[in-house]
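Both backbone and side-chain heavy atoms feed into the values below; hydrogens, waters and symmetry mates do not. Because the structure is predicted, anything quoted here is derived from the model rather than measured.
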Amino acid sequence: MSELEGESKKVRWAVGKFRFEDEHVEKWVKIGSSINTEYSYNLETPIIVPLNPTEGLLKFTFQLELLPDKGKISFNGDCYLFSSILKPLIMVLSSDKNSIIRKKNKAFLDLLKKFLLKRCLDHAKRIGEKDGIHFNSYKFVLQHYGIEHISFDNKEKKIIRY
């Protein structure tokens with residue numbers, strides 16, 4: 001067990017204050033009828049910028065394609081990562097993908113990705129519906145990734161329940 005895993009049981013971390021920009025929605029011409037059960041997504045979280053000892057800016061990109069005939073939604077975003085052990089978390093996030101530190105802290109990385117994925121899917125659904133792209137398989141996708149129970153405080157945009 002790595003030091004970070006041992007510490008994470010004592011010290012909590014949170015993400016919050018989400019911001020989205022460069023939103024692009026492409027609505028495709030509907031061919032035939034479909035109930036939109038196919039999808040693919042890409043979520044990249046490679047950049048974290050330390051702001052102070054307990055707060056870091058986490059930047060990510062997100063892209064969702066609803067197949068076969070719905071469209072594509074993409075945006076850049078950022079949020080804050082809050083923790084009293086920010087320095088070790090930054091080391092984990094900035095390490096190479098196949099490094100030992102990532103393997104030892106897979107639970108943290110997986111949970112962070114789940115939180116970001118849930119928030120990105122919520123945002124993609126909201127902006128897609130404004131342009132007439134309905135994400136009919138939204139609940140199925142949430143259940144598939146085990147993120148249907150994650151919720152956010154609407155004022156602060158912080159995770160409040162998992």
Side-chain angles (χ1 to χ4, degrees), residues 1-26 39-66 72-131 133 135 138-139 141-162:
M1 175 173 5
S2 76
E3 288 181 32
L4 180 58
E5 287 176 310
E7 288 292 316
S8 67
K9 292 176 183 169
K10 298 176 194 170
V11 182
R12 301 208 184 269
W13 55 270
V15 292
K17 297 185 181 179
F18 285 83
R19 187 177 58 143
F20 303 100
E21 57 191 16
D22 298 328
E23 298 171 343
H24 298 285
V25 178
E26 296 176 27
Y39 64 92
S40 68
Y41 80 90
N42 184 25
L43 173 64
E44 295 181 18
T45 58
I47 303 170
I48 184 164
V49 179
L51 300 175
N52 60 48
T54 61
E55 191 175 334
L57 184 65
L58 183 64
K59 297 182 179 190
F60 55 89
T61 59
F62 181 78
Q63 178 177 305
L64 173 70
E65 287 188 40
L66 300 170
K72 181 166 75 172
I73 301 166
S74 62
F75 48 84
N76 296 323
D78 59 49
C79 63
Y80 289 88
L81 177 64
F82 304 98
S83 178
S84 60
I85 58 163
L86 186 64
K87 195 172 184 177
L89 296 178
I90 290 171
M91 286 176 38
V92 171
L93 290 167
S94 48
S95 64
D96 291 332
K97 289 190 180 211
N98 295 322
S99 68
I100 293 172
I101 193 170
R102 278 203 177 235
K103 289 176 185 172
K104 287 186 174 184
N105 293 287
K106 187 175 179 340
F108 161 70
L109 292 167
D110 289 347
L111 192 54
L112 178 61
K113 185 174 181 179
K114 283 183 175 189
F115 290 151
L116 293 177
L117 178 59
K118 173 65 162 78
R119 187 70 178 98
C120 287
L121 287 170
D122 288 350
H123 187 70
K125 182 178 185 289
R126 188 172 33 263
I127 65 172
E129 286 178 351
K130 286 181 186 175
D131 286 344
I133 298 176
F135 191 178
Y138 172 76
K139 287 184 181 179
V141 172
L142 296 182
Q143 290 172 348
H144 177 77
Y145 291 104
I147 58 178
E148 68 274 15
H149 300 298
I150 297 173
S151 63
F152 294 86
D153 177 341
N154 287 332
K155 282 185 191 173
E156 293 293 320
K157 301 297 186 211
K158 282 188 178 180
I159 299 165
I160 58 169
R161 186 168 43 111
Y162 176 68

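- Applying the side-chain hydrogen bond (donor to acceptor under 3.5 Å, both in side chains) rule to Ser95 yields the partners Ser99, Arg102; only residues at least two apart in sequence or on another chain are considered.
- In this structure Tyr138 satisfies the ring pair (Phe, Tyr, Trp, His ring centres under 6.0 Å) test together with Phe135, sequence neighbours excluded.
- For the pair Leu57 and Tyr80, the minimum side-chain heavy-atom distance is below 4.5 Å.
- The closest side-chain heavy-atom distance from Asp122 to Phe18 is not below 4.5 Å.
- For the salt bridge (charged side-chain N to carboxylate O under 4.0 Å, His left out) test, no residue two or more places apart in sequence or in another chain qualifies with Asp131.
- If you take NE2 on His24 and CG on Asn76, they are separated by 7.5 Å, rounding to the nearest 0.5 Å.
- Here the CD1 atom belonging to Ile127 is positioned 5.5 Å from the CD1 atom belonging to Ile73, to the nearest 0.5 angstrom.
- Under the rule for a side-chain contact (heavy atoms from CB on, under 4.5 Å), the partners of Asn52 that lie at least two apart in sequence or sit in another chain are Thr54, Glu55.
- Scanning for salt bridge (charged side-chain N to carboxylate O under 4.0 Å, His left out) contacts around Asp22 gives an empty result, with sequence neighbours left out.
- Here the CD1 atom belonging to Ile150 is positioned 7.0 Å from the NZ atom belonging to Lys114, to the nearest 0.5 angstrom.
- For Glu148, there are no salt bridge (charged side-chain N to carboxylate O under 4.0 Å, His left out) partners at least two apart in sequence or on another chain.
- Contact record, Cys120 with Phe75: O-CZ, 3.6 Å, taken as the closest heavy-atom pair.
- Take Tyr41 and apply the ring pair (Phe, Tyr, Trp, His ring centres under 6.0 Å) test, not counting sequence neighbours, and it matches Tyr145.
- For residues 74-100, the set of pairs meeting the salt bridge (Lys or Arg N to Asp or Glu O under 4.0 Å) definition, not counting sequence neighbours, comprises Arg19-Asp78.
- The two atoms that bring Trp13 and Ser83 nearest to each other are CB-CB, 3.8 Å, heavy atoms only.
- Remark: Lys113 pairs with no residue by the side-chain hydrogen bond (donor to acceptor under 3.5 Å, both in side chains) rule, at least two apart or across chains.
- Legend: residues meeting side-chain hydrogen bond (donor to acceptor under 3.5 Å, both in side chains) with Lys72, ordered by chain and number and at least two apart, are absent.
- For Phe62 against Leu43, the heavy-atom pair with the smallest separation is CD1-CD1, 4.0 Å.
- The side-chain hydrogen bond (donor to acceptor under 3.5 Å, both in side chains) search around Glu26 returns none, not counting sequence neighbours.
- Remark: Leu66 CG to Ser40 OG distance equals 8.5 Å, nearest 0.5 Å.
- In this structure, Phe20 and His123 have parallel ring planes: the angle between them is below the 30° cut-off, well short of the 60° mark.
- Remark: Ile90 engages Ile48, Pro50, Leu86, Ser94 in a side-chain contact (heavy atoms from CB on, under 4.5 Å) (not counting sequence neighbours).
- In this structure, Leu81 and Leu93 have side chains that are in contact, with non-hydrogen atoms separated by less than 4.5 Å.
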Review point. Can you list the steps and then say if Leu112 with Leu89 is a side chain to side chain contact (heavy atoms under 4.5 Å, CB included)?
Key: CA-CA 11 Å; Leu112 178 61; Leu89 296 178; over 6 Å; no
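- At a threshold of 4.5 Å between non-hydrogen side-chain atoms, the residues Phe115 and Cys79 do not count as touching.
- In this structure, CG on Asn105 lies 10.5 Å from CG on Asp110, to the nearest 0.5 angstrom.
- With rounding to the nearest 0.5 angstrom, the CG atom of Leu58 is 14.5 Å from the NZ atom of Lys17.
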